[in-house]
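Remember, it's a predicted structure, so these values are computed and weren't measured experimentally. Both counts, for ligands and for their atoms, begin at 1 and track the order of listing.
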Amino acid sequence: MEKFVINGGHKLHGEIDISGAKNAAVAIIPATILAEDICRIENIPDIRDVQVMVKILIEMGATVRYINSNTLEIDTRYIRSYVIPYEMTKYSRSSYYLLGALLGRYSHAKVAMPGGCNFGGVRPIDFHLKGFAKLGAVITNDNGMIDAQAESLSGNMIYFDKVSVGATVNIMLAAVKAKGLTVIENAAKEPHIVDLANFLNLMGANVTGAGTDVIRIKGVSSLHGCSYSIIPDQIEAGTFMVAVAAAKGDVTLKNVTPKHLESITAKLRECGVTVEETDDTVRVISDERSGSCKVTAMPHPGFPTDMQPQMTTFLALSNGTSIVTDGVWDNRFRYVDQLSKMGANIQIEGKAAFITGVEKLTGAPVRADDLRAGAAMLIAGMCAHGRTTIEEIYHIERGYEKIVEKLRGIGADISKVDFPDNAEKEEKHNAG
Ligand code: EPZ
């Protein structure tokens, strides 16, 4: 089994280039289905979730040309089916975006329920389906496959009880060619929602209000190809910012949008970390033990829930007590068990983690329970005294491009090692 092996205690110095945003890419790639043309997309992160989505499009009949590892040309003219079986969707949760894209193109979509991160139990898509129904689709469930079809889609007013990134994306995709006006109320405002709207408008759609909680979509008869560059990944950038704050050092992140990092910057500064910005870089300087703070993860522009595990890990080493609450996901603290093995002092009560900062963590064999929990283990391992091994690293590689290369480039002692089975048992045995 492949694991990351980290020898902690090294301060981090240097520069990192931030990749394109995963959660923008996994929405924009299926959106190309609506163009029925050729789209050129740059700054795409070369990560597992993108590779899986590209593979699905190819199996659907699209042609994808890699100009380089981060630039794709996607030709969706010859896609032949609106049915996506489980064999194609099981590895990626964002495959549910194919529902909105295929519904938008064919007024019919039949997609098997997806996989993806398994925190918070089964992740519902009731808001998505209610939205499709408001546009005129009839929804049935056929052996785990969602079947959504309509004579034709008509615009409508759609109100989401709770802010949902996925539901906002999916309704945008389905509504761009629906007859008339669609208004999404209580829409998600994440940077990747704005990125998708910009991409759709470049294809000839008429989407206004993205980035606010009311998005208006005037249906158009057809869309066309375009060239587009994905925004930088604010969660990758935030992960590295917090890693430097926790492990100490001085690192500059390049190709970022500081405005997308505002809540993370504010929280780190509140804890006494130095953060300097230019128009496309952020520099984090940390040379002493940080202070504590309270963090509540909320939809954008609040503190991102996808940064909650990383921030909790940083606060586990801070001076004082902190409270981290997740206002988005009900059960996103499973990784705390792994941090406790390394000496963290954290109590979970409902939706909140009560953290008593400790002087140091010690290396241990831990597991990545999901993508951002895995990122938290990377941060903990880089700070801990001694050796940490992380298993289930495929979770991490789903969302962080060249993660070992990037961390080594700023001085972390990390490598990816393949452990044959017996070593595996020994490792567990030694861990006691
Ligand atoms: C997206 O997931 C992201 N994934 C998640 O990032 C992120 O944590 C989440 O948005 C919140 O920002 C992608 O973009 C691929 P939601 P999504 O719909 O769309 C409830 C990562 O680390 N809800 O905004 O699935 C839901 O249970 C991943 O990159 C319903 O009840 O999240 C949750 O409590 C992990 N019914 C809340 O809304 C629905 O139909 C927000 O979920 C949909 C959602």
### Query
Does an N or O from Val328, backbone or side chain, lie closer than 3.5 Å to an N or O of ligand 1?
yes
### Task
Show which atoms of ligand 1 fall inside a sub-4.0 Å distance from at least one heavy-atom site of Ser164.
16 (P), 18 (O), 24 (O), 43 (C), 44 (C)
### Query
Hey, is Tyr96 touching ligand 1 through its side chain, its backbone, both or neither, going by heavy atoms under 4.0 Å?
side chain
### Minimum non-hydrogen distance to atom 31 (O) of ligand 1, winning option of Pro124, Ala24, Gly302
Pro124
Just list the side-chain donor-acceptor pairs under 3.5 Å for residues 159-170, sequence neighbours left out, or say none.
| residue | atom | partner | partner atom | Å |
| --- | --- | --- | --- | --- |
| Ser164 | OG | Ala167 | N | 2.9 |
| Thr168 | OG1 | Ser164 | O | 2.7 |
| Thr168 | OG1 | Ala188 | N | 3.1 |
| Asn170 | OD1 | Gly100 | N | 3.0 |
| Asn170 | ND2 | Tyr96 | O | 3.0 |
| Asn170 | ND2 | His128 | ND1 | 3.0 |

### Task
Under 4.0 Å, heavy atoms only, figure out whether ligand 1 is touched by the backbone of Val169, its side chain, both or neither.
neither
### Query
Of His300, His128, Glu190, Lys162, which has the heavy atom at the shortest distance from atom 20 (C) of ligand 1?
Lys162
### Query
N/O of Val165 under 3.5 Å from N/O of ligand 1, yes or no?
yes
### Query
Does Lys416 make a cation-pi contact with Phe4, if we ask for NZ or CZ under 6.0 Å from the ring centre and within 45° of the axis?
no
### Message
Are the side chains of Ile184 and Val214 in contact, using a 4.5 Å heavy-atom criterion?
### Response
no
### Task
Please confirm whether Gly166 comes within less than 3.5 Å of ligand 1 when only nitrogen or oxygen atoms on both sides are compared.
yes
### Query
Considering only heavy atoms from C-beta outward, does the side chain of Val273 approach that of Met241 to under 4.5 Å?
no
### Task
Could you list which atoms of ligand 1 come closer than 4.0 Å to a heavy atom of Ile125?
39 (C), 40 (O)
#### Entry: Ile231 and His260, any side-chain heavy atoms less than 4.5 Å apart
yes
### Message
Are the side chains of Lys254 and Ile16 in contact, using a 4.5 Å heavy-atom criterion?
### Response
no
### Message
Salt bridge check, Glu87 against Lys90: does any charged N sit closer than 4.0 Å to a carboxylate O?
### Response
no
### Task
For the residue pair Ile158 and Thr182, establish whether any side-chain heavy-atom pair is separated by less than 4.5 Å.
yes
### Task
Take every heavy atom of Val163, measure it against each atom of ligand 1, and state whether any distance is under 4.0 Å.
yes
### Query
Between Asp126 and ligand 1, which part of the residue brings a heavy atom under 4.0 Å of the ligand: side chain, backbone, both or neither?
both
### Query
Applying a 4.0 Å heavy-atom criterion (strictly less than), which segment of Arg332 is in contact with ligand 1: side chain, backbone, both, or neither?
side chain
### Query
Taking the side chain as C-beta and beyond, is there a heavy-atom pair between Leu98 and Leu57 under 4.5 Å?
yes
### Message
Working to the nearest 0.5 angstrom, can you tell me the gap between Asp370 CG and Tyr335 OH?
### Response
9.5 Å
#### Entry: Contact (N/O only, under 3.5 Å) between Trp329 and ligand 1
yes
### Query
So is there a nitrogen or oxygen of His192 less than 3.5 Å from a nitrogen or oxygen in ligand 1?
no
### Sub-4.0 Å atoms of ligand 1 with respect to non-hydrogen atoms of Lys22
21 (C), 29 (O)
### Task
Ignoring angles and geometry beyond distance, decide whether Ser94 reaches within less than 3.5 Å of ligand 1 through its nitrogen or oxygen atoms.
no
I'd like a table of donor-acceptor pairs (distance under 3.5 Å, sequence neighbours excluded) in which one partner is a side-chain atom from residues 29-40, with atom names and distances.
| residue | atom | partner | partner atom | Å |
| --- | --- | --- | --- | --- |
| Thr32 | OG1 | Ile29 | O | 2.6 |
| Asp37 | OD2 | Gly225 | N | 2.9 |
| Arg40 | NE | Glu42 | OE2 | 3.2 |

### Task
Output the list of atoms in ligand 1 that are nearer than 4.0 Å to some heavy atom of Arg372, sorted by atom number.
21 (C), 22 (O), 29 (O)
